Amino acid sequence: MPTIDDDLEAIFTSGDFDTCAEFTLASGGKVCVNGIFTDASDEVLVGGQVAVEAVKPSLMVQTSKVASVRNKDSAEIDGTTYQVERKEKVGQGMTVVYLKT
């Protein structure tokens, strides 16, 4: 029986979410995670209807892919290095990683 994580795996490897964040872990090693990146200057639709300006850069990812990522780990996205500020689970199997420069 497929799990939600299996469904999310199919979504995040479909090519639609091709922004790769390479996290450098404080515990050692690196992990590349595909997700939906929102830069601090991007417009975001809330509830699919209201457009607001994003306050901080963030990356929406599959929760299981960032289990080893901790606050203050670094993440390189499109040539820019960010620091992980915090992670927040936002649904079953999804996490938003909030970043800062």
Side-chain angles (χ1 to χ4, degrees):
M1 177 175 199
T3 65
I4 288 177
D5 209 44
D6 291 337
D7 291 339
L8 291 172
E9 184 74 28
I11 292 169
F12 279 97
T13 58
S14 68
D16 294 330
F17 305 102
D18 56 358
T19 298
C20 174
E22 184 174 67
F23 291 94
T24 301
L25 309 176
S27 60
K30 294 185 179 199
V31 61
C32 181
V33 178
N34 287 346
I36 303 168
F37 178 66
T38 302
D39 196 351
S41 60
D42 287 348
E43 183 178 272
V44 178
L45 286 179
V46 177
Q49 299 175 1
V50 179
V52 297
E53 194 71 18
V55 177
K56 293 188 175 190
S58 63
L59 186 72
M60 183 171 291
V61 297
Q62 195 174 344
T63 300
S64 63
K65 301 294 183 181
V66 292
S68 58
V69 173
R70 302 287 180 250
N71 293 354
K72 299 187 180 177
D73 284 348
S74 66
E76 184 177 328
I77 302 171
D78 297 332
T80 302
T81 301
Y82 300 91
Q83 186 178 55
V84 175
E85 186 173 86
R86 66 187 171 95
K87 298 187 311 186
E88 180 179 334
K89 291 182 182 179
V90 292
Q92 195 163 5
M94 299 291 295
T95 291
V96 175
V97 179
Y98 291 96
L99 306 164
K100 62 183 177 179
T101 54

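For clarity, every value in this text was computed on a predicted model and none was experimentally measured.
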S.K.: Measure the CG-CD distance between Asn34 and Gln62 for me, rounded to the nearest 0.5 Å.
M.R.: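 Rounded to the nearest 0.5 Å, the CG-CD separation comes to 9.5 Å.
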S.K.: To check you understand the geometry: which heavy-atom pair defines the closest contact between Ser74 and Thr81, and what is its length?
M.R.: CB-CG2, 4.2 Å
S.K.: Would you give the length of the straight line joining atom CE of Met94 to atom OG1 of Thr63, rounded to the nearest 0.5 angstrom?
M.R.: 7.0 Å
S.K.: Evaluate side-chain contact (heavy atoms from CB on, under 4.5 Å) for Phe23 paired with Val97, printing each intermediate quantity in order.
M.R.: CA-CA 11 Å; Phe23 291 94; Val97 179; 4.2 Å; yes
S.K.: When rounded to the nearest 0.5 angstrom, what distance separates CD in Glu22 from NZ in Lys30?
M.R.: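 Going from CD on Glu22 over to NZ on Lys30, the span is 4.5 Å.
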S.K.: Check Pro57 against Tyr82 and note the closest heavy-atom contact, atom names and distance.
M.R.: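 Heavy atoms only, the tightest pair is CG-CE2, 3.8 Å.
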S.K.: Nearest 0.5 Å, what's the CG-CG distance between Asp39 and Asp78?
M.R.: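 It comes to 9.0 Å.
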S.K.: Restricting to side-chain hydrogen bond (donor to acceptor under 3.5 Å, both in side chains), what partner residues turn up for Arg86, sequence neighbours left out?
M.R.: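 side-chain hydrogen bond (donor to acceptor under 3.5 Å, both in side chains) list for Arg86, sorted by chain: Glu88.
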S.K.: Could you pull out the closest heavy-atom pair between Val61 and Val33, with the gap in Å?
M.R.: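 Scanning both residues completely, I find the closest heavy atoms to be CG1-CG1, 3.6 Å.
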S.K.: Within the side chain of Lys87, is there an N or O that forms a donor-acceptor pair under 3.5 Å with the backbone of Val66?
M.R.: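 Looks like yes, one N/O pair under 3.5 Å.
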S.K.: Evaluate Ile77 against Leu99 for side-chain contact (heavy atoms from CB on, under 4.5 Å), listing each step before the verdict.
M.R.: CA-CA 11 Å; Ile77 302 171; Leu99 306 164; 3.7 Å; yes
S.K.: Mind checking the OH-CG spacing from Tyr98 to Asn71? Nearest 0.5 Å is all I need.
M.R.: 13.0 Å
S.K.: Please walk me through it: do Ile36 and Leu59 pass side-chain contact (heavy atoms from CB on, under 4.5 Å)?
M.R.: CA-CA 5 Å; Ile36 303 168; Leu59 186 72; 5.8 Å; no
